[in-house]
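For clarity, every value in this text was computed on a predicted model and none was experimentally measured. For the single chain, residues carry numbers from 1 onward in sequence order.
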Amino acid sequence: MRYIDEFRDRDTVRALAAEIKKISTRPVKLMEVCGGHTMSIQKFGLPALLPDTVELISGPGCPVCVTSRSYIDKAVAFSQQKDVIITTYGDLIRVPGSESTLEKEHAAGADVRVVYSVLDALKIAREQPAKKVVFLGIGFETTAPGTAVAILQAAREKLTNFFVYSAHKVMPPAMAALIDEGVQINGYIGPGHVSTITGKGIYEDIPKKFGLGVVISGFEPTDLMQSVLMLIRQIETGKPQVEIQYKRAVRPEGNRKAKQMMNEVFEPGDDWWRGLGVLKDSGLKIRPKYAAFDAEKNIRADGMVPLREPKGCICGDILKGIKKPKDCRLFATVCTPRDPVGSCMVSGEGACQAYYLYNR
């Protein structure tokens, strides 16, 4: 298959669903750990095609959703400095902090700019030498190489006004933590975008230590249904392993150049995940060699407010796969995409927004 229509062919999807129904004999819960997968699964109504034995649950794969409220609070504090320009991807400006959002700070006069690439932030730094330009670096192994490229370029150009506030994270510790916590998972639908960078090696501990399979999946209906079928086959035969369904984009070894640049700039560090708390070596911290570009080490954060979580929001439990958006009493009532209470409703990859749009 080469074109989108072929990956959305109804007859192919129905045939895959029939094969899943034919071989599935026991109740299983399969977790998709990518927000893009969650959105596709709900958009195309895939759960309705699966037998009662197969349940899909969402995981902690939305970068905006897992970013901490304290991170937003500090970004807000940065934005309140008169000589600071905040640059960020669009979803993040609406994520609530304890008392404000970057969108509200922008309305109040702060210089907050939405960019489509970290290189756009670098361009602003060149054009505004009298200002400190802070890029909010969030996301997993997918976006971290791009941030690394920008820091390496800033170092080559000897820029002194470009900074990154890093909340980059890596996926394997979170996947392992969910199993350690006892969340009922029988297999993982592995993140396609992350895996284009990392390859399959980062997941090898999942079948070895926990006896669960991982199938790295693409994002179209046939991709996801085929990935479910591959996992069900693993479960039914008792042979968990790491497989790549998304072969048109993911190589077993990943992207070696991207990994090299990411490792040059970042080092592992403990990080906080919404719903999971602090996980050892789950974050990417800027190495001391590049400390001149680390916003936390170079920008004041005056006016920090006490951390406050929204009452009634269960984003943490949803990201752990133990609750679904419809279990939240705020869902589609006081919490909507127009007026979100939690990050899972803000993000275009958030489980709550996916359910709101396609499965209310």
Side-chain angles (χ1 to χ4, degrees), residues 10-61 171-172 174-192 195 200 202-247 275-276 314 317-327 351 354-355 358-359:
R10 291 187 179 188
D11 290 341
T12 304
V13 172
R14 286 174 178 151
L16 289 166
E19 183 64 17
I20 292 168
K21 185 175 182 180
K22 179 180 176 183
I23 68 171
S24 178
T25 64
R26 68 191 78 175
V28 297
K29 291 187 177 182
L30 307 179
M31 174 176 279
E32 78 270 5
V33 288
C34 175
H37 284 159
T38 300
M39 191 58 75
S40 291
I41 287 167
Q42 296 304 325
K43 179 179 179 179
F44 293 106
L46 301 187
L49 301 175
L50 297 172
D52 293 339
T53 49
V54 181
E55 181 180 357
L56 301 182
I57 54 177
S58 302
M171 284 304 307
M175 295 168 72
L178 288 170
I179 303 170
D180 281 336
E181 279 204 13
V183 178
Q184 187 181 347
I185 301 168
N186 300 100
Y188 277 117
I189 298 174
S195 306
K200 61 184 289 192
I202 64 167
Y203 311 110
E204 294 293 353
D205 279 349
I206 302 293
K208 289 177 182 175
K209 290 186 178 178
F210 305 107
L212 300 184
V214 179
V215 173
I216 299 165
S217 179
F219 295 83
E220 297 297 334
T222 54
D223 291 323
L224 288 158
M225 292 297 282
Q226 187 179 32
S227 297
V228 171
L229 176 60
M230 293 164 73
L231 280 170
I232 296 298
R233 282 181 176 146
Q234 290 186 23
I235 293 167
E236 293 293 336
T237 58
K239 297 178 179 178
Q241 58 182 304
V242 181
E243 293 185 283
I244 303 174
Q245 182 278 330
Y246 197 26
K247 290 182 178 178
L276 294 170
I314 62 168
D317 288 342
I318 291 169
L319 291 166
K320 290 166 67 174
I322 59 177
K323 294 283 181 66
K324 293 192 173 182
K326 291 179 181 178
D327 296 327
Y355 274 71
Y358 302 115
N359 188 15

Taking atom [atom1] of [X] and atom [atom2] of [Y], what is their separation to the nearest 0.5 Å?
X      : Y      : atom1 : atom2 : result
Ile20  : Met225 : CD1   : CE    : 4.0 Å
Ile314 : Leu319 : CD1   : CG    : 10.0 Å
Gln42  : Asn359 : CD    : CG    : 4.5 Å
Lys320 : Ile185 : NZ    : CD1   : 11.0 Å
Gln184 : Glu55  : CD    : CD    : 8.5 Å
Met31  : Ser58  : CE    : OG    : 7.5 Å

With a 4.5 Å cut-off on side-chain heavy atoms, are [Y] and [X] touching?
X      : Y      : value
Thr25  : Thr53  : no
Leu30  : Ile235 : yes
Ile189 : Leu56  : yes
Pro60  : Leu178 : yes
Asn186 : Leu231 : no
Tyr246 : Phe219 : yes
Ile41  : Tyr358 : no
Ile179 : Tyr188 : yes

Determine yes or no for a side-chain-to-main-chain donor-acceptor pair under 3.5 angstrom, with [X] supplying the side chain and [Y] the backbone.
X      : Y      : result
Lys200 : Val242 : yes
Thr38  : Ala351 : no
Gln234 : Gln241 : yes
Gln226 : Leu16  : no

Handout entry: Test: Arg233 and Glu243 ion pair at under 4.0 Å
Key = no
Completion exercise
Here the pair of heavy atoms bringing Ser24 nearest to Pro51 is CB-CG, 4.5 Å
Exercise for the section: Take Leu224 and Gln245, measure what side-chain contact (heavy atoms from CB on, under 4.5 Å) needs, and give me the verdict at the end. Expected result: CA-CA 9 Å; Leu224 288 158; Gln245 182 278 330; over 6 Å; no
Exercise for the section: Classify the side-chain pair Tyr203/Ser195 by whether it contains a donor and acceptor separated by less than 3.5 Å. Expected result: yes
Problem - Distance-only donor-acceptor check, side chains Thr222 and Thr12, under 3.5 Å - result: no
Problem - More than 12 heavy atoms of other groups within 6.0 Å of Lys21 NZ - result: no
